[in-house]
There are 2 protein chains.
Amino acid sequence: MPASLRSNIERTIQQKITDSDLEKFSAFTFERTFDKKHHLLEEGQLCNYIYFIQEGAAYSYIVDQKGDKHAIQFSLEGYWISDLFSFYSGKEAIYNIETLEPVKVLMLNKENFEKACCSIPMIDRFFRILIQNAYVALQYRLAKTNSEDAEHRYEEFAKKYPDFVQRIPQYLIASYLGIKPQSLSRIRKERTNKK
Amino acid sequence: MPASLRSNIERTIQQKITDSDLEKFSAFTFERTFDKKHHLLEEGQLCNYIYFIQEGAAYSYIVDQKGDKHAIQFSLEGYWISDLFSFYSGKEAIYNIETLEPVKVLMLNKENFEKACCSIPMIDRFFRILIQNAYVALQYRLAKTNSEDAEHRYEEFAKKYPDFVQRIPQYLIASYLGIKPQSLSRIRKERTNKK
DNA sequence: AAAACAGGTTAACATAGGTTAATAAATAAA
DNA sequence: TTTATTTATTAACCTATGTTAACCTGTTTT
């Protein structure tokens with residue numbers, strides 16, 4: 001029962017979770033470690049797990065026709081990551097998930113996910129709120145992508161996720177923002193010139 | 001108990017819903033009609049409802065600093081629309097929702113939403129799957145926004161939502177795609193030249 | 001019917017960001 | 001430490017999309 005999981009749950013549902021519920025839930029998960037650059041999921045596979053990052057960093061991405069990667073989501077310790085399309089639908093994944101650093105993760109498979117949601121109302125509630133929040137955040141991100149230029153998007157990103165800027169390669173942040181690494185480099189240069 | 005609601009629910013949960021459950025749920029909703037160009041929600045208000053469109057069309061949008069509108073979501077009959085950020089959090093809306101045609105809607109307020117989810121497991125399940133699907137679709141849309149040019153995004157949009165192309169003003173489709181109306185007009189011209 | 005308005009098109013020009021390619025800096029491997 | 005490999009920077013040039021502004025069509029309003 002890692003403290004980071006408890007605080008993730010309590011922050012999400014905005015109330016305390018009992019030790020008993022947390023223990024019950026933990027029993028459905030198992031812990032594993034992976035090296036840096038390990039693929040937790042590759043396009044075309046079935047995504048059987050959702051991952052909670054206890055230590056390290058990972059990200060999901062899609063590869064376009066040209067072969068370019070586009071980062072979808074970054075996850076440091078205390079965040080969840082998965083390909084929910086594949087996980088929920090049972091269809092082949094269109095995204096990849098790869099570690100950026102050695103990670104220690106908690107893994108929850110589909111069967112246990114269902115069991116946990118059915119047997120622990122707090123956990124059911126937790127996952128519902130988790131995805132509600134994710135949806136709302138994603139909608140906002142898309143709205144910003146469609147309404148602001150790359151410079152503003154980077155400013156907002158750097159302000160919102162200062163730790164990501166430290167630990168995630170710049171070319172991946174660029175792709176997350178929908179621009180090329182050279183452009184982000186240019187933006188950062190102009191930015192430091194201003195200040 | 002409108003047939004369009006039943007089929008929306010059954011398509012989403014991929015199974016039949018009993019008349020009894022549907023009736024119970026319907027009792028939590030009420031029906032209203034609004035004129036064309038009516039604001040169902042304005043930025044700064046609290047979003048107290050989620051709307052199911054029975055007839056007509058509506059859309060949500062955000063206004064940027066320059067005063068430009070950016071369409072977030074379109075809803076024709078058989079679709080839901082709301083500002084889930086405001087609805088879930090109880091905070092002030094950052095989006096607007098406006099009708100594009102006269103509409104007949106079913107409205108479900110927050111209190112009844114909670115009651116329906118607690119008392120009708122099928123409905124709880126329905127809303128969970130609805131938002132899961134919405135999240136997955138949104139993630140895909142963002143991935144495409146970041147990886148494809150405007151022409152491809154429009155092609156995909158027109159193929160996926162041919163009825164939207166018919167009924168929704170082109171300048172709103174442009175803003176949904178993250179471009180200016182003039183650019184969409186240019187894209188459509190080149191497109192017809194090709195064929 | 002005239003006027004006003006909303007939506008769409010076109011064209012000339014401007015610009016943010018992409019492309020290519022070379023180099024440098026940082027990190028990992030030998 | 002030396003050599004690879006990965007990541008970041010820079011610059012010259014290119015292109016898709018934005019900007020401005022004029023015009024057109026169809027639809028409300030008066």
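Every heavy atom of this structure was used, including side-chain atoms; hydrogens, water molecules and symmetry mates were not. Sequence lines set the chain letters: A, B, ... in the order given, protein chains first and strands last, and positions in each chain run from 1.
For S185(A), counting side-chain heavy atoms from C-beta on, the closest listed nucleotide (dT10(D), dG8(C), dT7(D)) is dT10(D).
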**Request:** Encode nucleotides 17-24 of chain D as B, S and - characters from 5' to 3', where the letter depends on protein heavy atoms closer than 4.0 Å: B to the base, S only to sugar-phosphate, - to neither.
**Result:** BBBBB---
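The separation between E101(A) atom CD and dA28(C) atom C1' is 16 Å, rounded to whole Å. Note: CD (E155(B)) to C1' (dA16(D)) measures 16 Å, nearest angstrom. Atom C1' of nucleotide dG7(C) and atom CZ of R167(B) are separated by 18 Å, given to the nearest angstrom. Atom CD of E98(B) is separated from atom P of dA6(C) by 12 Å (rounded to the nearest Å). For the pair R188(A) CZ and dT10(D) C1', the interatomic distance rounds to 14 Å; values are reported in whole Å. Between the P atom of dC5(C) and the NZ atom of K37(B) lies a distance of 12 Å, rounded to the nearest Å. Atom CD of E190(B) is separated from atom P of dT9(C) by 13 Å (rounded to the nearest Å). Rounded to whole Å, the distance from CG on N146(B) to P on dG17(C) is 13 Å.
There is a path of hydrophobic side-chain contacts, each under 4.5 Å, that joins V136(A) to W80(B).
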Tell me which donor-acceptor pairs under 3.5 Å the side chains of residues 49-57 of chain B have, and how far apart each pair is, sequence neighbours excluded?
unit_1, atom_1, unit_2, atom_2, d
Y51(B), OH, L40(B), O, 3.2

Using atom types as modelled, flag every donor-acceptor pair under 3.5 Å from a side chain in residues 125-134 of chain A to any protein atom, sequence neighbours excluded.
unit_1, atom_1, unit_2, atom_2, d
R128(A), NH1, D124(B), OD1, 2.7
R128(A), NH2, D124(B), O, 3.2

In residues 20-32 of chain A, what donor-acceptor pairs under 3.5 Å come from side-chain atoms, sequence neighbours left out?
unit_1, atom_1, unit_2, atom_2, d
S26(A), OG, L22(A), O, 3.1
T29(A), OG1, S26(A), O, 2.8

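Within a 6.0 Å sphere centred on NE2 of H39(A), heavy atoms belonging to other residues, nucleotides or ligands number more than 12. The number of heavy atoms from other shown groups lying within 6.0 Å of NE2 (H38(A)) is above 12.
Proximity of K189(A) to the phosphate of dA8(D): no side-chain N or O atom is located under 4.0 Å from OP1 or OP2.
Salt-bridge formation is detected for the pair E111(B)/K115(B): a Lys NZ or Arg NE/NH1/NH2 atom is positioned less than 4.0 Å from an Asp or Glu carboxylate oxygen.
With contacts defined as side-chain heavy-atom distances shorter than 4.5 Å, the pair R6(B)/D19(B) qualifies.
In the hydrophobic clustering, where aliphatic and aromatic side chains (Ile, Leu, Val, Met, Phe, Trp, Tyr) are joined below 4.5 Å either directly or transitively, L76(B) groups with Y59(B), Y61(B), V63(B), F74(B), Y79(B), L100(B), Y154(B), F157(B), Y161(B), F164(B), V165(B), I168(B), Y171(B), L172(B), I173(B), Y176(B), L177(B), I179(B), L184(B), I187(B).
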Strictly under 3.5 Å: I want the nitrogen or oxygen pairs between protein and nucleotides 27-29 of chain D, one per line.
none

